[in-house]
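Letters go in sequence order (proteins before strands), and every chain restarts at 1. Both backbone and side-chain heavy atoms feed into the values below; hydrogens, waters and symmetry mates do not. This is a predicted model, so every value here is computed, not measured.
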Amino acid sequence: MQRPDARGYFGSGFGGKFVPEVLVEAISELERGMDAAFADPAFWSEYHAILRDFVGRPSPIMEASRFTGSDGATLVFKREDLNHTGAHKINNTVGQGLLAKRMGKTRIIAETGAGQHGVATATIGAKLGIPVDVYMGALDVERQSLNVYVMRLLGATVHAVQGGTRTLKDATNEAFREWAARAPDTFYIIGSVVGAHPYPYMVREFQKVIGIEARAQMLERYGRLPTDVVACVGGGSNAMGIFAGFADDPSVRLWGVEASGHGLHAVDTAASLNAGSIGVLHGSRSYLLQTPEGQVRNTHSISAGLDYPGVGPEHAHLKASGRATYVSATDDEALAAFHACAETEGIVPALESAHALSYARTLARERGPDGLVLVNLSGRGDKDTRQVGELEAASGRSATLAGAR
Amino acid sequence: MIETTSGLGRIAAAFARAKRAGRGTLVPYLCAGDPDRGTSAGLLAAAVAGGADIVELGIPYGDPLADGPTIAAAAERALAAGTTVEDAIELAGGVKDAPVVMFTYLNPILQFGLERFAAALARRGIAGAIVPDVPLEESGAIRAAFAPHGLALPQLVAPTTPPERAIAISRASEGFTYLVSRLGVTGAAREPDFAWIASRVAALREASDTPLAIGFGIATAAHVRAACSIADGAIVGSALIDAYAGSSGDAPARVRAFVADLARGTAAA
């Protein structure tokens with residue numbers, strides 16, 4: 001998997017550095033710091049030591065035969081849900097946190113939607129002794145009070161953002177504004193493969209550990225590569241992380257699963273690659289859910305982590321090149337997989353990951369016994385149990401597998 | 001030789017006229033369609049009547065990365081009133097006694113079509129556009145669309161811009177060079193910082209004849225005076241919006257009075 005060109009573009013014209021002039025030097029400084037760190041074996045040693053001792057890597061792979069049923073392909077979970085803080089997010093915050101320290105930055109900022117990236121950032125800030133300010137939409141602060149408490153417990157300051165739709169995109173705007181005001185002493189840890197170059201590339205490099213581990217684990221256990229790799233895509237960092245391990249294996253099909261909310265053609269969707277069009281948001285050219293006037297649309301997904309109007313530019317490139325295929329799962333499909341995974345495998349998956357599980361199960365059944373499908377179980381679902389419980393109580397739906405099917 | 005009827009020519013003429021009068025150029029910013037189209041047209045006329053040499057007119061955008069809370073709120077009001085890119089162009093085209101430069105984020109004009117946007121500006125006699133999320137390296141496509149129409153594309157220089165880069169930007173900037181007084185986003189809550197500009201203005205002037213205008217945090221006649229004593233003009237946005245936002249009925253009078261007060265600060269030179 002290649003590095004973007006000097007201007008930050010992946011192959012087919014996606015990416016770039018669309019930031020106000022006040023941030024141009026900040027992203028240049030970041031790129032210089034990243035290049036120096038990436039070329040330094042000592043940096044990677046420290047990163048891998050923290051991933052081993054603090055995060056608990058390598059995360060295992062696990063065969064999920066009850067989830068697929070008996071006649072389908074072999075379905076394998078990559079267990080990112082077992083990481084410290086419960087998701088893949090920590091791989092990235094460890095890397096960027098170490099880079100912040102190396103660059104002599106004395107303060108870290110981050111945006112967060114549901115709070116997962118905020119928690120992962122607050123965690124590494126506490127571990128490295130760097131103060132953290134987290135920007136979170138005021139609506140999300142209300143909806144995710146538990147994660148707000150956890151961030152504060154970890155010593156971070158949480159700022160409720162009142163502008164716009166008071167959700168993730170507005171939190172991201174505010175983090176960029178804060179960075180513009182404090183760039184000389186502040187490091188901005190972006191939570192996904194989005195933003196201006198070098199962020200999409202840098203975050204992918206920090207998440208690549210998922211794919212590198214998984215490829216070796218598959219070869220060791222099965223003696224062959226998977227036929228398919230499946231991951232959910234919001235901004236797209238867990239997907240880029242696992243795809244990166246298999247991008248140079250042409251026999252392996254890569255599948256990104258977007259959240260289509262109430263459906264691809266509904267107003268309430270978050271499937272940027274499937275239902276959006278090309279535009280510029282948060283520093284890069286990619287796909288975007290927008291109005292004909294170029295205003296960013298309100299999005300909807302049951303999963304807060306996928307509820308984002310944009311998507312990483314490298315995914316736009318993989319779509320254009322045909323290397324990866326982007327499909328979608330609705331709220332209801334994700335909920336069904338959420339229940340099924342809990343009841344058949346004893347794992348409550350994150351709602352984000354449940355989108356990938358839903359499609360992976362369909363694919364495993366299509367592939368038949370010769371298939372070997374690897375799906376990134378990117379996070380655990382403890383954070384979602386209250387929301388799902390309340391939703392189902394309100395709609396009168398049962399919390400059992402039979403009810404969900 | 002710049003044609004005097006082109007956008008570039010009209011901006012150059014506005015700076016030259018102020019200079020001949022021994023003063024700086026005043027550039028008030030308003031947000032198109034705030035709080036509604038009718039009022040917005042009245043505010044534009046009031047700003048010109050109050051003494052605007054050039055008007056900067058914002059196309060409302062819901063995700064304004066370079067703007068503080070005042071301009072973001074103005075954009076939200078304008079969008080709630082249904083303001084479109086076309087509406088903003090119409091409003092700008094209605095201003096006859098001063099050149100208008102649009103201020104727009106990239107995505108709305110990308111969807112409108114850059115060539116179509118450039119043609120519409122030229123047709124309506126609008127002088128150009130500032131696109132704050134397009135730094136020099138990404139400006140090629142807009143530059144290509146604007147050049148055939150003689151439209152201005154002022155580029156920004158920030159306190160964090162390294163000296164050689166600032167010179168490259170001022171050479172590439174068309175119409176005027178927009179000097180960002182301080183770090184952060186637009187807004188009157190934080191004071192401008194003129195010291196860094198004073199220390200670098202000589203190098204910028206040596207590199208290019210393009211006029212220099214200072215914006216971000218310029219909120220009072222005293223700020224305008226300070227800006228015009230080291231550069232060629234001052235841009236005032238958030239403070240002007242604060243002057244009328246929330247007022248009922250007398251918003252045009254407030255805008256006219258506030259701009260007239262700011263204009264007194266231009267006489268420093």
Side-chain angles (χ1 to χ4, degrees), chain A residues 6-9 13 15-29 161-165 167-186 195-197 277-286 288 290-298 309-310, chain B residues 59-69 72-73 75-76 79 82-88 104-113 117 131-141 155-162 165-166 169 173 177-187 190 216:
Chain A
R7 294 174 59 221
Y9 283 91
K17 305 179 193 178
F18 295 92
V19 293
E21 176 61 26
V22 66
L23 283 174
V24 168
E25 177 56 20
I27 61 170
S28 300
E29 183 194 0
V161 176
Q162 298 292 348
T165 55
T167 59
L168 176 58
K169 82 174 171 67
D170 309 289
T172 307
N173 291 339
E174 202 58 25
F176 269 109
R177 291 176 183 130
E178 182 60 22
W179 199 29
R182 294 278 299 269
D185 73 346
T186 297
H197 179 71
S277 54
I278 293 169
V280 170
L281 175 69
H282 295 148
S284 60
R285 183 173 184 275
S286 184
L288 179 62
Q290 59 184 327
T291 68
E293 278 282 308
Q295 301 290 339
V296 180
R297 261 172 60 185
N298 288 339
Chain B
I59 296 178
Y61 184 53
D63 293 86
L65 217 60
D67 284 304
E76 282 186 30
L79 290 173
T83 310
T84 64
V85 174
E86 198 100 50
D87 291 337
T104 178
Y105 289 86
L106 176 59
N107 201 53
I109 60 169
L110 212 50
Q111 305 311 318
F112 192 85
F117 181 67
V131 191
D133 54 348
V134 175
L136 185 61
E137 293 75 7
E138 299 286 2
S139 66
Q155 300 270 342
L156 287 79
V157 171
T160 45
T161 307
R165 179 178 168 81
I169 291 171
S173 195
T177 301
Y178 190 137
L179 305 177
V180 176
S181 82
R182 50 155 175 73
L183 296 181
V185 293
T186 59
R190 288 169 49 237
F216 282 47

When the 4.5 angstrom heavy-atom criterion is applied to Pro64(B) and chain A, the contacting part is both

- Query: Quick one: does Glu293(A)'s side chain have a donor or acceptor within less than 3.5 Å of a partner on Val85(B)'s backbone?
  - Reply: yes

One should read off an interatomic distance between Glu137(B) CD and Ser28(A) OG, to the nearest 0.5 angstrom, of 7.5 Å

Chain B shares the most heavy-atom pairs under 4.5 Å, among Ala26(A), Ala180(A), Pro292(A), with Ala180(A)

Between the CG atom in Leu183(B) and the CZ atom in Arg177(A), the distance rounded to the nearest 0.5 Å is 16.0 Å

Whatever's closer than 4.5 Å to a heavy atom in chain B on Ile278(A) counts as backbone

Applying a strict 4.5 Å limit to non-hydrogen atoms, the region of Pro132(B) in contact with chain A is backbone

Query raised in the report: Would a 4.5 Å heavy-atom cut-off, applied to side chains only, mark Phe216(B) and Val22(A) as touching?
Result: no

The interface call for Gln290(A) against chain B, heavy-atom contacts under 4.5 Å, is side chain

Using modelled atom types only, decide if a donor and an acceptor are shared between the side chain of Asn107(B) and the backbone of Gly279(A) within a distance under 3.5 Å.
no

Item to check | Glu25(A) bridged to Arg165(B) by N-O distance under 4.0 Å | outcome: no

*asked:* Can you confirm whether Glu21(A) sits close enough to Val180(B) that some side-chain heavy atom of one is under 4.5 Å from a side-chain heavy atom of the other?
replied: no

Problem - Residues Val280(A), Tyr105(B); criterion side-chain contact (heavy atoms from CB on, under 4.5 Å); working and verdict - result: CA-CA 9 Å; Val280(A) 170; Tyr105(B) 289 86; over 6 Å; no

Okay, Ile109(B) and chain A: the region with an atom under 4.5 Å from a heavy atom over there is neither

Bottom line for Leu156(B): the part with an atom under 4.5 Å from chain A's heavy atoms is both

Cut-off 4.5 Å, heavy atoms of chain A, and the answer for Leu65(B) is both

When the 4.5 angstrom heavy-atom criterion is applied to Val24(A) and chain B, the contacting part is side chain

Whatever's closer than 4.5 Å to a heavy atom in chain A on Val157(B) counts as backbone

The reported gap from CG in Leu136(B) to NZ in Lys17(A) (rounded to nearest 0.5 angstrom) is 11.5 Å

Chain A shares the most heavy-atom pairs under 4.5 Å, among Gly184(B), Pro60(B), Ala75(B), with Gly184(B)

So, the part of Tyr61(B) with a heavy atom under 4.5 Å from chain A: the answer is both

Honestly, the part of Pro184(A) sitting under 4.5 Å from a heavy atom of chain B is side chain

Of the listed Asp67(B), Leu79(B), Asp133(B), Val134(B), the one with the largest count of heavy-atom pairs under 4.5 Å with chain A is Asp133(B)

Whatever's closer than 4.5 Å to a heavy atom in chain B on Phe176(A) counts as side chain

